[in-house]
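Heads up, the thing below is written out as C-alpha cells.
For this chain, numbers begin at 1 and follow the sequence in order.
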Amino acid sequence: MSNLKNDRFIRALLRQSVDRTPVWIMRQAGRYLPEYREVRAKAGDFMTLCSTPELACEVTLQPLRRFELDAAILFSDILTIPDAMGLGLYFSEGEGPKFKQTIDSASDVEKLSIPDPADKLSYVTDAVSLIRRELDGDVPLIGFAGSPWTLATYMVEGGSSKTFSRIKAMLFEDPASAHMLMSKLADSVALYLNAQIEAGAQAVMVFDSWGGALTTPHYREFSLAYMQQIVDQLIREKDGQKIPVILFTKGGGMWLPQIADTGCDAVGLDWSVDIHQARQLIGDRVALQGNMDPAIMATNPDVIRQEVSRILADFGQGNGHVFNLGHGITPNITPENVAALVDAVHEISAQYHR
C-alpha cells in the first residue's frame, strides 16, 4: 500500500486489515519525558522550541525512540495560525497561552488576513519535511491544526477560558462577525494542513478541544460547519497514497453521527464515550480513534493493561480502531507506564485481527 515500513496506523484509519491495533498518544512528545524537558530548557521558551525545525524534529522523534508507537505527530501548537495572523502569541509560566491582541469587534475580524503558510508558517512546514526525512519511512507522520471554533476561543478570550463568556456572547449577539471569523479560520486551517501534506504529513487531525462547551445548535453552526469547510478543501491523496483525516471534538460524544457525516476518515473519541456504542453508531462509516481516560496513566502497569484489554474488547473484532487516550497525556506520567500501554495494546489486540 505504501513505502512505509509500518503502515498499520494509515491502514486502520482507512478501515483496512491490520495485524494489531495501532497506537499513538496525544501529546506523546511532551513534558513527561526527561529528554523533552532537556531540549525545552535548551530552547529557552516554548515558542522557540516550536519555531526551530531542528528542535521540533528532535522532540517529535523522542517518544519513538522509547516506545513502539505506530505514528509520529508533528510537535507544534494549535495556536500557530492566530499567531501568524498577528495576534502575538506568548506563553506565561503556569498560565498557558496568551495573546497580546484580542478580537473584540467586527472591525477586528475584518482586519484579519489569512496567513500564507509559505511565509508566516514556513517553520512548521520545514519541521514537517525534516521529520519526514528523519523518520525514513519507519512510521507515518501526522500533521494537525486546531479547529476554527477552538482557535477563535483563544483569540476572543485572549487565552484559555473556563466559561467562554466573551466568545459565546459574540455567537449570540453578533453571529455575522462570528461566522466571518470562523470562515477565515477554516480557510486558514485548510491552507495550513494542505501545506503540511505537501511537506510530507501522511495523515492530518483537527483538534476541536472546546467544541463540547457549545449548545448543540451552536456546535453545528459554529464548529462542525467549519470543520466541514476544512474537510472539503483538503488534499486527500498524494503520490498515490490516501491522506486520512481525523476530526476530534472533546466532549462531542452526542454529535458523533454528524461528525462522521463530514466525510472525514476517522472520528476521535474522548473517554466519556462508550466505544462499543460509537462503533454501532458510526463505525461502519469511519474509523474510531481513542479513548482511554488519560488519568489512568498515573496508576500502574497492571491497571493500565486491564483498561487496555477492556477497551479493545468493547471495540471488538475487526478493523478501523486506532488506540489512543481520550485526550492528551499529562506531564506527571512515568515513561514506564507509557511503555506498558503501548506494549499492552500490541499484545492484546492481535486476537481481534485474525
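Distance check: Leu13 CG to Asp7 CG gives 11.0 Å after rounding to the nearest 0.5 Å. Atoms CD and CD, from Gln62 and Glu35 in turn, are 5.0 Å apart once rounded to the nearest 0.5 Å. Between the CZ atom of Phe323 and the CD1 atom of Ile275 there is a distance of 7.5 Å, given to the nearest 0.5 Å.
With respect to Arg15 and Asp265, no salt bridge is recorded, no charged nitrogen being found less than 4.0 Å from a carboxylate O. Between Asp104 and Arg166 a salt bridge is recorded (basic side-chain N to carboxylate O distance below 4.0 Å). A salt bridge is absent between Asp314 and Arg279; no separation between the charged side-chain nitrogens and carboxylate oxygens falls under 4.0 Å.
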Go through it in stages, so that I can follow the logic: the residues are Glu58 and Arg65, the test is salt bridge (charged side-chain N to carboxylate O under 4.0 Å, His left out), and I'd like the CA-CA distance, side-chain angles, deciding distance and then a yes or no.
CA-CA 11 Å; Glu58 169 58 21; Arg65 296 183 191 126; 2.9 Å; yes
Determine whether Gln233 and Asp187 satisfy the following criterion, side chain to side chain donor-acceptor pair (under 3.5 Å), listing intermediate values before the conclusion.
CA-CA 8 Å; Gln233 295 179 67; Asp187 289 344; 3.0 Å; yes
Any chance you could lay out the salt bridge (charged side-chain N to carboxylate O under 4.0 Å, His left out) test for Arg285 and Asp261, step after step, and finish with the verdict?
CA-CA 9 Å; Arg285 290 190 275 154; Asp261 282 343; 2.4 Å; yes
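Taking the six-membered ring wherever Trp is involved, the centroid distance between the rings of Phe207 and Phe144 falls below 6.0 Å.
Taking every heavy atom of both residues into account, Glu157 and Ser165 meet most closely at OE2-N, 3.3 Å. Ser76 and Thr80 get closest at one heavy-atom pair: OG-CG2, 3.6 Å.
For Tyr219 and Trp149, the side-chain atoms include no donor-acceptor pair closer than 3.5 Å.
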